[in-house]
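Working notes for the structure below.
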Amino acid sequence: MAELPSPEEIEAARSHKGGYSRAQLVAWGVPWPPPKGWKDELTERWKAARQDGAPPPWPRPVPADFTQETLDFG
């Protein structure tokens, strides 16, 4: 079974154009093309899993190619 993403993870996975990749949707168990209402369905399933006593998901490790800009406000 695919790991259910939190609503925050769903929004964070959006591309800069606002879409989602086929690979990401498949990893979440969403068929391609995604059916209408797929985000609401994932969110409801995630909430139901949390109510059933499932622990919250572990934070995902930062990808090796991740870079964060350092901002100097000084």
Side-chain angles (χ1 to χ4, degrees):
M1 181 176 163
E3 180 182 338
L4 294 174
S6 69
E8 293 81 17
E9 290 174 313
I10 293 172
E11 287 305 309
R14 292 175 73 125
S15 72
H16 68 279
K17 291 185 178 181
Y20 296 87
S21 72
R22 179 185 299 213
Q24 181 63 74
L25 293 176
V26 168
W28 290 338
V30 177
W32 187 264
K36 184 176 180 177
W38 68 268
K39 284 192 282 187
D40 293 335
E41 172 71 21
L42 276 182
T43 298
E44 290 305 315
R45 289 174 46 206
W46 182 82
K47 288 178 183 177
R50 297 301 155 278
Q51 290 174 352
D52 291 341
W58 285 93
R60 292 196 175 131
V62 176
D65 62 345
F66 177 79
T67 59
Q68 183 174 356
E69 293 181 20
T70 303
L71 302 176
D72 184 7
F73 295 103

When rounded to the nearest 0.5 angstrom, what is the spacing between CD in Glu9 and CG in Leu4? 10.0 Å
In this structure, CG of Leu25 is separated from CH2 of Trp38 (nearest 0.5 Å) by 5.0 Å
Intermediate values then yes/no, side chain to side chain contact (heavy atoms under 4.5 Å, CB included), Trp46 and Ile10: CA-CA 11 Å; Trp46 182 82; Ile10 293 172; over 6 Å; no
Can you confirm whether or not the ring centre of Tyr20 sits under 6.0 Å from the ring centre of Trp32? no
Scan for salt bridge (Lys or Arg N to Asp or Glu O under 4.0 Å) pairs involving residues 30-42, sequence neighbours excluded, and state none if there are none. none
Test of understanding: with side-chain contact (heavy atoms from CB on, under 4.5 Å), list the residues that count as partners of Pro31, not counting sequence neighbours. Pro35
Return the set of residues passing salt bridge (charged side-chain N to carboxylate O under 4.0 Å, His left out) with Glu11 (not counting sequence neighbours), or none when no residue passes. Arg14
